[in-house]
Structures are given as C-alpha cells and as structure tokens.
Amino acid sequence: MDKFLHEWKRTHNCGELRAEHVGQTVTLMGWVQGYRDHGGSIFVDIRDRYGLTQLRFDSSVDDATHNLADTLRNEFCIAARGQVVHRGTNVNPKMQTGEIEVLAEHLTVFNRAETPPFEIRDDLDTAENVRLKYRYLDLRRKSLQRNFVMRSHVNNITRNYLADNGFLELETPVLMKSTPEGARDYLVPSRVHPGKFYALPQSPQTFKQLFMISGYDRYYQICRCFRDEDLRADRQPEFTQIDVEMSFVVPEDIYGMIEGLVIRIWKHVLGVELQTPFLRMSYAEAMERFGCDKPDMRFGMELKNVADILASSTFNVFAQTIARNGSIKALNAKGCASLSRSELDGLIDVVKPYGAKGLAWFKANADAWQGPVVKFLTDDEKNDLTARLDIETGDAVFFVADDARIVDPAMAALRLHFGDRLGLRKSSDYAFLWVTDFPLYEYDPAENRYYAMHHPFTSPHPADRGLMSTDPAKVRAQAYDLVLNGTELGGGSIRIHDQETQAEMFRILGLTRAQAEYKFGFFLDALRYGTPPHGGIAIGMDRLIMLLTGAQSIRDVIAFPKTQKATDLMLDCPTEVDAEQLQELSLRIRTENTK
RNA sequence: GGGGUGGUAGUUAAGUCGGUUAUAACGCCGGCCUGUCAAGCCGGAGGCCGCGGGUUCAAGUCCCGUCCACCCCGCCA
C-alpha cells in the first residue's frame, strides 16, 4: 500500500515548480495530460487547474514505478513523488514549468480513466452537444477553467466592494409568488395547496424594496433569477444577477456606486484603469443617434434622420414613407465604396430579419454617385445629404425607409455589421454608457393597453408625474441601463415610494383595484408604513463575465448550462415524473391537444 | 411561432454527376524506442453516414417528414 495522501501530501501544484526548486523532493497530484514513451524513459505531463508539469519515469530509478508508468493513459488521476531536476539542454520554453521536470520515484494511480469522448484540449472544436453531455470533462479544459476562476474572482471583488460600502448581503426566497407582467414564470406546484403554485423569482424585486422599507438601507445579493423565455447566445433560463438596492438616493448615486464596483473589477481582473464618470445618454438620444437603447460606443458611424431632406423625393419608397409619417434613416459606411454590387445588395440580409423590406444604397465614387437610388436624388438633396452624412469620395451610404419601429432596429443592426466588418469593435476597448430616462410605459396596440417598460414599481421622472393621468406615453421613467460595448449589462430604477403613485401605476397598467390587491396587496400595504425614497440596479453577472473573458457564449461562463431548448444534456432533464408525484401535487398531464 | 446553419469512425472533417470494399488526421489497441514535450517508427481495430419514409437497378449523395445542436427574429417587466 502506498503512502500517498496519508504520508505524502501534495507539496506543490502542477504550475508552480521552477529552477529554484531543483533538488527538492516534491509530490504532485493531478491528471495525465499526455505521455511519450521512449522505452527506458517515459515522459508524462501531469495537469491540475494551476498548470502542467513534466514527470519523467526512468527504468534505472525504479523498475516497478517505471512499469506502472507504462500503463498510464490520458486522464488517469495520479500522484507522483520524486526529485525536481533541471532539464539542462532540454528546457521547454513553451511550458511555464518547462525549465524543470520531476524525476519520479513513486507513482500511484488513484483512478484509471476510460478514453474520454473528446480530448481535453483547447485547440479542439468539439460539437457542443457532446461537450454538454460530458460537461465535467469539458470543464477540465483550460479555456473554461480560466473563465470560472475569473468568475470566482469577480464574485469576491463584488462582495468585498459592496461590504466596504456598507451593503448587507441579504437573502430572499426562491419560492415566491407568480407575478403578472414581464417574463413567463417558472411555476412550482404546491403539494399542500392543491391547484396553487409558487413561482421562481424573475428577480427579487419586491423583496429588496421591502428591505428598504424595513430600514436595511443598503442591500445586495448575488442571486439566481429565472425566466421561462426563449434562449439566445447571451440568455439562459436561469442566470445570476448582482442585485443592489439603496435608500435615500437619486440615479447619480447609483451610477457612482456601480462605477466604483466596475472600476475595481476591471482593475483587479484585467489590470485596466477605466475613466469615470461613464458617459450618460438619454434613451431618446440613443434611439435617435443609434437606433437602439444599447449603442456600442466604441465607434461612431451614427444614424442620421434624413426624412426632412427627402420630404419631396420622387423615389416611391421614400415618398410613401414620408406620406404615412414614417422614418428614413441613413448611415454612411466610410470607405465602403469598394464593395461590389452583389456585396451591397447582399446587405439586405442584415436588415431583413428586422422587417425592413429594402435597403437603398449608393456609393460616392470619385466621378459620380452610383447606385439604384441616385437617379431619384436632386442636386439639392445630394448637397444636403453630403452635409448631414459627411459624405466623401469612397463612402457608401445606406437608407432604410419604413415605420420607426422597423427602421431603428434594422439600421442599428447594419451599423453593428459595419462596425464588425471594419474592425471597429475591438474586444480590448471598453466603452461604458449609462442610458437614462427610459419611457415609463410601452403601448401595446394589439391589446390597447400600456405595459411598464421596466417594471411596475418604477418611479416616473418627477417632472413628468403629472402626465401619468393625461399622456402616459410621454412619461419618462427614472430608469437606466448600464451598457458596455453594445451589451446591456444591467438596469435599474428609482422606485415609487408612495402608495398613491403606485396605485395610479397599477391603474394605468389596467389592473383593477381588486387585481392589484390580489397580486401586490402585501406591497401596497407595505408602502403605507413610511417607505423611504429608494432605488437600485441589477447587473447581469453572466454577461459581465462574458465581456471580461471574451466568451462568445453565455454557456462558457455558466458551469452547467442549458441548451437552446432549455434542456440539460448531462442530466437529461427535464423529465417526466412518477404518477404518484403528480397525484400528490394534484396535477394531471393533458395528453391530447398538447400543442 | 418563424428564418437560417449543421449532423459521416471516439473526435474533427473530406466524400465530385447517384455507381466497386465510405476516406484522412487526431484519438484508441499492440509492438519498438532513454530527451520527448502536437514525440517518432511499424502494425491493427473501429461506421445505424441522426432517425423514418420515398424515388431508383443502385442513395452518405436526390425528395418528403422528423429529431437534435447552434445562430437570429418574435419573446426576454
């Protein structure tokens, strides 16, 4: 029986041995990353999460150990003990520990490994369904380990920073009440209350406000949230937020506190010094200049409204758009006149998904403008466009004309497309932005009602309070998003802290008194007992880590993620449950008409 | 709900106009080998071509359906 674990503890990790350790007897534990058998001499790379060290087994040192080493295969979990020796003329400069190797005298195999379904290497692009099925193997890869090490680091920095600033880490229930509005809830049936359900929190929104009412004036929580909506590359059904709430604050106080956190994270994790304050821009301005509420500020190429210039255009599409009070926006793709006609026509595919029916364009060549729309442009229109869009020889200009709700997202997508194409979206640039003054309401023409754009506890802008009853669509909210490089990192608001405004909010949202009482009675009650002015924000931890690590998928920063159909390929879940379980929950599965 | 890309050996991919025994690399198994580090050399095994149906003398290849993974639109207070 060998002495590993009991007598021979791990003395070093696999990433730390250097020339200075030569002569020491060390014990390493880890996994076989690779082996090179030269007969009398066997080289084995042993891996742990810190790095890689070369072990050498020499038949002249110990025959039994050498013979055991002969049986080693990839991913065996082993321990080896021996002397650190210098590699002399065989130093490997590509390895951090490449100056030395461990001349092994003792070896033990904790556990052999079956041949893994894919090699544990970063330069191998294995299909994601295989990676997800064997997630515990995928997580051995260096590239993923790096992400989770960083994620842990960011968790620590966040806790320390918020604690330094007097925040209390307070926990809230995971089983809570289903709320109307917003995302679909994940429901949990109650056994003891047949026909009744809990819901998993979309966010701890009401709880953190109740903490403010209770006088815990600075709250935070790194908490899991659940939303039963369709997935994207940056969206999972369960995700993590840095949830923050403060009493006696205005938006600037929140901005400052979060900027301090972000600065610390960037400094400690990336070694990057960020400039503050971050840029601020109103929602209205962001929509006008960039066509979206989360503009990527790493580059310009702003959209220009040109409806006034083309007000009397003879081009049918423009004329019809003007006639029905639509929007025409243009974008100058600097230096893109070199694109071929088929490339330019192909760009329609960039805007089509957003409902744009066409993409008009022309190139500003040295001799003349060229493109399908040029023949419709008068000299005056050309001059005005040149001035507004700063058109120079070699530029390509694009137009989308339609309703604003089509033009803006389509042109925003086109702008990002050119940003990528022209290499203007460098991952090493960090352009933070506060988007402020979001509208309080969104009107839904299909249902002829207003929805809360942020959530129903968001305070109106003080100057717009009076408009709530007369013109809800015009009311600005004290709501804000933190945007980084075109990604919404988080958002929050100042909350309503008086019951009259809250009641009016519910009324405008179409909730009867009885409905409001049923859904939020506890909250309306609480507001009556001396609620402080308060507000907060929630930062998406997963997206934050994505941006810090450069991960292209949120699945690379979540240890055990779900697929796009919200399944877990490793657990094979969700699954059906026993009839008894359903019986206990008073549930029956409808087997027909399930579509 | 809609649009798109993909699915061939354990893995990554090739597979032409439908035509012989479906290729390659890595991995895996056996052997040799004392300075490799993407080790090398010799030999070998390994296939429901996602699944189902159809067309055809003949289907990895063409058609229809379906499942799965990914990307996007809708959706995501």
Side-chain angles (χ1 to χ4, degrees), chain A residues 33-46 52-61 66 70 73-75 85 87-95 97-98 101 103 113-134 137 179-185 201-203 205-206 225-237 239 349-356 405-406 409-410 413 438-442 444 450-458 477 479 488 491-493 505 509 538 540 552-553 555 562-565 567 569 595:
Chain A
Q33 175 74 53
Y35 54 95
R36 296 168 293 281
D37 186 349
H38 288 243
S41 201
I42 302 172
F43 300 95
V44 174
D45 294 329
I46 183 171
L52 217 56
T53 300
Q54 176 166 286
L55 306 175
R56 177 155 65 92
F57 297 90
D58 195 306
S59 54
S60 68
V61 172
H66 179 264
D70 198 37
R73 293 296 180 268
N74 284 334
E75 301 309 318
V85 297
R87 290 210 212 170
T89 56
N90 297 304
V91 162
N92 182 353
K94 285 187 283 188
M95 282 176 85
T97 60
E101 65 194 2
L103 185 56
E114 287 184 22
T115 303
F118 50 88
E119 294 172 69
I120 312 302
R121 281 164 45 179
D122 276 342
D123 55 346
L124 224 60
D125 192 19
T126 304
E128 203 162 350
N129 53 343
V130 182
R131 292 175 49 201
L132 289 173
K133 180 172 178 184
Y134 300 94
L137 297 180
T179 52
E181 312 242 338
R184 278 184 212 96
D185 284 321
Q202 297 176 25
S203 83
Q205 183 61 37
T206 49
C225 302
F226 305 85
R227 292 177 192 175
D228 187 4
E229 296 293 345
D230 289 337
L231 281 62
R232 287 286 186 282
D234 61 355
R235 274 174 16 198
Q236 282 271 304
F239 59 99
D349 292 333
V350 175
V351 295
K352 247 185 185 162
Y354 302 89
R405 66 186 168 77
I406 299 219
F438 275 76
L440 189 58
Y441 299 105
E442 242 173 336
D444 180 358
Y450 289 97
Y451 279 90
M453 191 161 187
H454 186 49
H455 57 55
F457 314 106
T458 303
E488 180 195 331
S493 63
M505 169 63 91
L509 295 178
Q552 293 301 300
S553 161
R555 294 179 299 281
K562 307 267 189 297
T563 68
Q564 198 174 44
K565 287 220 171 99
T567 64
L569 295 179
K595 287 196 171 171

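All chains are named by letter (A, B, ...) in the order of the sequence lines, taking the proteins before the strands, and each is independently numbered beginning at 1.
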Please determine whether a side-chain nitrogen of the Lys or Arg among Arg121(A) and Glu119(A) lies less than 4.0 Å from a carboxylate oxygen of the Asp or Glu.
yes
A69(B): pairing nucleotide in any strand, Watson-Crick or G-U under 3.5 angstrom
U5(B)
Figure out the CZ/C1' separation between Arg87(A) and A39(B), and round it to whole Å.
13 Å
Can you tell me if Arg36(A) and Gln54(A) form a side-chain donor-acceptor pair at under 3.5 Å?
yes
Opposite nucleotide pairing with A38(B), Watson-Crick or G-U, both atom distances under 3.5 Å:
none
Nearest-angstrom distance from the residue atom CG of Leu103(A) to P of U36(B):
17 Å
Same-atom distance (C1') from G6(B) to A14(B), integer angstrom
15 Å
I'd like the C1' distance from G15(B) over to C28(B), given in whole Å.
24 Å
Within the structure shown, what part of the strands sits under 4.0 Å from Thr179(A) by heavy-atom distance: base, sugar-phosphate, or nothing?
nothing
Which letters describe nucleotides 26-34 of chain B, given B = protein heavy atom under 4.0 Å from base, S = only from sugar-phosphate, - = neither?
BSSSS--BB
Given atom CG of Asp349(A) and atom P of U5(B), what is their separation to the nearest angstrom?
11 Å
Across all strands, who's sitting opposite U21(B) as a Watson-Crick or G-U wobble pair, both distances under 3.5 Å?
none
If you compare all heavy atoms of Cys225(A) against all heavy atoms of Gln202(A), which two are closest, and at what distance to 0.1 Å?
CB-O, 3.2 Å
Tell me if the side-chain of Glu101(A) makes a donor-acceptor pair with the base of G35(B), cut-off 3.5 Å, by modelled atom types.
yes
Ring of Phe43(A) versus six-membered ring of U36(B): centres under 5.5 Å and planes under 30°?
yes
Quick one: pull up CG in Asn74(A) and OH in Tyr35(A) and give me the separation to the nearest 0.5 Å.
5.5 Å
Of the options C76(B), G35(B), G10(B), whose atoms approach the side-chain atoms of Arg227(A) most closely?
C76(B)
salt_bridge(Arg235(A), Glu229(A)) N-O dist < 4.0 Å:
no
For U36(B), does OP1 or OP2 lie under 4.0 Å from any side-chain N or O of Arg36(A)?
no
Got a list of protein N/O to nucleotides 68-75 of chain B N/O distances below 3.5 Å?
from	atom 1	to	atom 2	distance (Å)
C68(B)	OP2	Lys565(A)	NZ	3.3
A69(B)	OP1	Thr563(A)	OG1	3.2
A69(B)	OP1	Thr567(A)	OG1	3.2
C70(B)	OP1	Gln564(A)	N	3.1
C70(B)	OP2	Gln564(A)	N	2.8
C70(B)	O3'	Arg555(A)	NH2	3.0
C71(B)	OP1	Arg555(A)	NH1	3.4
C71(B)	OP1	Arg555(A)	NH2	3.0
C72(B)	OP2	Ala233(A)	N	3.1
C73(B)	OP2	Arg232(A)	NE	2.9
C73(B)	O2'	Pro353(A)	O	3.1
G74(B)	N7	Arg232(A)	NH2	2.7
G74(B)	O6	Arg232(A)	NH1	3.0
G74(B)	O6	Arg232(A)	NH2	3.2
G74(B)	N1	Asp230(A)	OD2	2.6
G74(B)	N2	Asp230(A)	OD2	3.2
C75(B)	O2'	Glu229(A)	OE1	2.5
C75(B)	O2	Arg235(A)	NH2	3.1
C75(B)	N3	Arg235(A)	NH1	3.2
C75(B)	N3	Arg235(A)	NH2	2.8
C75(B)	N4	Arg232(A)	NH2	3.4
C75(B)	N4	Arg235(A)	NH1	3.2

Taking G44(B) as the reference, what is the distance to G7(B) when you measure between their C1' atoms (whole Å, please)?
29 Å
Sugar-phosphate only, base, or nothing, as touched by Asp125(A) at under 4.0 Å among non-hydrogen atoms:
sugar-phosphate
For the pair Phe57(A) and Asp70(A), evaluate side chain to side chain contact (heavy atoms under 4.5 Å, CB included) and give the outcome as yes or no after the intermediate values.
CA-CA 9 Å; Phe57(A) 297 90; Asp70(A) 198 37; over 6 Å; no
Between Asn92(A) and Val130(A), just flag the one whose closest nucleotide in RNA chain B comes earlier from the 5' side.
Val130(A)
With rounding to the closest Å, how many angstrom separate the P atoms on A59(B) and G52(B)?
15 Å
Minimum heavy-atom separation for Tyr354(A) to Ile406(A), with atom names?
O-CG2, 3.6 Å
Can you tell me the Watson-Crick or wobble partner of G43(B), both distances under 3.5 angstrom?
C29(B)
Distance check, C1' atoms only: C63(B) and U20(B), in whole angstrom units.
26 Å
Supply the atom-to-atom distance Ser203(A) OG to Phe239(A) CZ, rounded to the nearest 0.5 angstrom.
8.0 Å
By the 4.0 Å heavy-atom rule, please label Lys94(A) as base, sugar-phosphate, or nothing.
sugar-phosphate
Between Asp230(A) and Arg232(A), does any NZ, NE, NH1 or NH2 come within less than 4.0 Å of an OD or OE carboxylate oxygen?
no
Measure the distance from CG on Asp185(A) to P on C76(B) and round it to the nearest whole Å.
13 Å
Shortest non-hydrogen contact from Leu509(A) to Ala452(A)?
CD2-N, 3.4 Å
